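All values reported here derive from a predicted model rather than from experimental measurement. Indexing begins at 1, ligand by ligand and atom by atom, following the structure's order.
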Amino acid sequence: MAEEKAAVIILFGGSGDLARRKLYPAMFGLYQRGFLQDRFAVIGTARRPWSDDYYRDIVTNAVKDQPGATPETAEAFATHFYYQSHDVTDAAHYITLKELAAKLDAQYHVGGNRLYYMAMAPNFFSTIAEHLKSESLLTATGFNRLVIEKPFGHDYQSAKALNESITATFAEKQIYRIDHYLGKEMTQAIMGLRFANPLVAAAWNKEHIQNIQITLAEAVGVEERAGYYENSGAMRDMVQNHVMQLLAYLTMARPQSLTPEAVHAVKGAVFDHLHSYSQKEALANFVRAQYAPAVIDKLTVAGYRDEAGVSQSSLTETFVAGKLMVDTPEFAGVPIYIRTGKRLTRKSTQISVVFKPVAHDLFGTQAKANVLTIYVEPSEGFSLTLNGKVLGQSTELMPEELRFRHDERAAKAAPEAYERLIQDALQGNQTNFTRWTELSQTWQFVDTIIAAWQTTTAMPTYPAGTMGPKEATELLARDGNQWVWQPTRVQLAD
Ligand SMILES: NC(=O)c1ccc[n+]([C@@H]2O[C@H](COP(=O)([O-])OP(=O)(O)OC[C@H]3O[C@@H](n4cnc5c(N)ncnc54)[C@H](OP(=O)(O)O)[C@@H]3O)[C@@H](O)[C@H]2O)c1
């Protein structure tokens with residue numbers, strides 16, 4: 001059994017989609033593993049007037065089909081949940097919340113430990129933090145930690161304003177900014193792969209790496225989220241956060257240790273050295289595009305501008321490809337190509353590290369580049385292509401792939417990203433959360449590209465079900481490179 005953690009968790013947005021689909025199952029996972037046992041209580045808040053019993057039914061239903069769940073464990077887990085109807089803009093509600101939290105603190109013997117989880121629309125984040133301070137909800141004993149969902153701001157200025165408002169209540173060491181990509185198994189595996197294998201570690205630098213490619217492909221379109229997406233786009237939705245975090249793990253130096261401080265120090269150095277672009281360079285090194293209608297398997301798939309809630313003249317990008325550089329001694333000059341988009345050929349997040357070919361011509365042009373691919377989702381594992389030899393007497397080479405994939409059943413049973421992250425927050429481990437300095441730098445980088453795009457109305461398109469516009473292929477071709485992953489089998493559902 002894991003060491004039990006005691007806390008009152010106050011969840012803002014307790015009736016929301018994220019809470020039901022991710023947070024209750026994640027907490028249930030911690031309960032099954034003994035990490036949460038007797039000494040915890042969750043206060044769910046939202047405006048709708050639910051009773052505790054009704055709320056517990058919602059929680060039970062959200063977890064009852066989790067691996068290993070029984071009706072008894074699901075129900076026992078749900079008894080720890082309490083509901084308070086609460087409008088986060090109303091100061092009076094924080095008084096009742098404070099009283100309920102104090103009562104549960106005593107009842108469950110949690111010693112003042114509090115986790116405040118903001119699972120609501122981001123425009124409420126500042127309001128909640130301000131009220132937690134003005135109505136004195138933070139305890140004098142135990143820990144007070146804030147878990148805050150993405151998006152963290154809309155651009156650098158709004159992110160800065162949000163950060164100022166939450167840091168008026170919480171110190172940086174109390175703030176856990178979620179980027180759920182940091183909770184994923186294979187993101188966490190990157191450090192082991194890079195730093196625990198001398199073979200890999202020795203080749204992980206500009207002498208040996210030709211280029212790195214990061215792809216976050218979604219098969220689905222904008223679905224019902226046009227209202228949000230029209231104000232966001234792929235750059236803000238995926239690049240500023242997930243792509244940048246993966247990039248940092250791939251290019252950072254070896255940390256002195258695995259402590260949060262040591263890991264954040266080397267990650268921070270990557271963002272300090274992110275090669276910045278002038279507006280002209282930004283336009284040359286970044287491609288944006290929107291998906292256009294297509295007929296796939298006799299099914300007509302709408303283009304982005306025809307989706308409900310999207311303007312016919314929308315300039316919101318559903319696809320981004322770009323070339324970034326990290327100007328550190330180890331990586332200067334190595335292109336890091338990124339691409340992400342909706343309605344691509346199929347869903348997959350994968351990273352390909354393309355190594356330089358051998359310098360001699362012993363085998364003529366037969367020797368191919370070694371490629372290490374890290375599969376982040378949906379399958380988890382990695383592969384390495386090496387040059388083998390064709391069977392028989394010739395010296396002809398052929399590429400061979402060494403593959404490792406986590407067993408699907410074992411992977412399903414492993415804790416989900418949210419479970420790891422909530423556990424980390426309860427343990428006070430900030431490694432897998434983003435620091436303000438990282439966000440500040442990535443927002444400023446992304447803002448430059450978006451500002452450059454705002455000088456033009458050019459918007460290339462790509463047919464739904466393809467891997468982006470031709471400009472994304474040309475971006476690499478210009479350097480004599482090509483995308484390693486070029487899927488052709490279309491799979492439109494995630
Ligand atoms: N859903 C996901 O898969 C997902 C994934 C990644 C990140 N996120 C992030 O997680 C956050 C929550 O997303 P979500 O999808 O769960 O949103 P959602 O389904 O719209 O839930 C919003 C919650 O806020 C409550 N609420 C709204 N106005 C309120 C008010 N004035 N006072 C008190 N409660 C209020 C709602 O309940 P009432 O209407 O009853 O008040 C509801 O519980 C967002 O920051 C989102 O970007 C979500």
Side-chain angles (χ1 to χ4, degrees), residues 9-27 42-52 54-55 58-59 62 81-97 100 115-132 135 137 146-154 158-159 162 165-166 175-184 216 218 220 222-234 236-238 240-243 245 309 340 342 347 349 377 416-422 425 432-434 439 494:
I9 301 171
I10 300 179
L11 179 58
F12 297 96
S15 62
D17 175 68
L18 181 74
R20 289 189 212 209
R21 284 196 309 112
K22 298 286 182 191
L23 306 185
Y24 300 142
M27 290 178 200
V42 179
I43 305 175
T45 77
R47 289 164 307 178
R48 64 199 72 183
W50 284 352
S51 65
D52 283 347
Y54 188 82
Y55 181 45
I58 297 278
V59 173
F81 284 69
Y82 299 79
Y83 185 78
Q84 182 183 303
S85 177
H86 172 119
D87 187 324
V88 293
T89 59
D90 184 343
H93 286 173
Y94 291 85
I95 309 294
T96 39
L97 186 58
L100 177 57
L115 204 66
Y116 307 88
Y117 198 123
M118 293 190 189
M120 287 185 57
N123 52 316
F124 292 116
F125 294 164
S126 296
T127 310
I128 300 171
E130 282 157 19
H131 280 104
L132 291 177
E135 307 315 318
L137 262 86
L146 174 72
V147 182
I148 183 162
E149 271 296 335
K150 76 158 220 186
F152 198 93
H154 179 73
S158 58
L162 171 58
S165 82
I166 61 171
I175 302 172
Y176 293 71
R177 299 179 191 83
I178 293 258
D179 181 327
H180 71 275
Y181 259 72
L182 296 180
K184 287 188 184 290
L216 275 73
E218 291 183 279
V220 295
V222 70
E223 300 181 294
E224 297 85 33
R225 293 173 70 225
Y228 160 76
Y229 202 78
E230 271 286 86
N231 289 313
S232 166
R236 292 187 170 98
D237 195 37
M238 303 293 269
Q240 182 273 328
N241 36 59
H242 311 320
V243 171
Q245 290 296 325
T340 181
K342 291 193 177 292
K347 178 183 170 71
T349 294
E377 73 172 355
E416 264 235 45
Y418 272 99
E419 187 174 331
R420 293 162 201 245
L421 294 175
I422 296 174
N432 297 316
F433 297 85
T434 52
L439 290 176
D494 275 358

What's the separation between atom CD1 in I422 and atom CD1 in I9, rounded to the nearest 0.5 Å? 7.0 Å

More than 12 heavy atoms of other residues, nucleotides or ligands under 6.0 Å from CD of E223: is that the case? yes

Note: A62 and R20 closest approach over all heavy atoms is CB-O, 3.5 Å

Using the test salt bridge (charged side-chain N to carboxylate O under 4.0 Å, His left out), find all partners of R21 that sit at least two apart in sequence or belong to another chain. D17

Ligand 1: which residues have a non-hydrogen atom closer than 4.0 Å? G13, G14, S15, G16, D17, L18, R21, A46, R47, R48, H86, D87, V88, A119, M120, P122, F124, F125, E149, K150, P151, Y418

Under the side chain to side chain donor-acceptor pair (under 3.5 Å) test, residues paired with H86 that sit two or more places apart: Q84

Partner set under side chain to side chain donor-acceptor pair (under 3.5 Å) for E149, not counting sequence neighbours: Y117, Y418

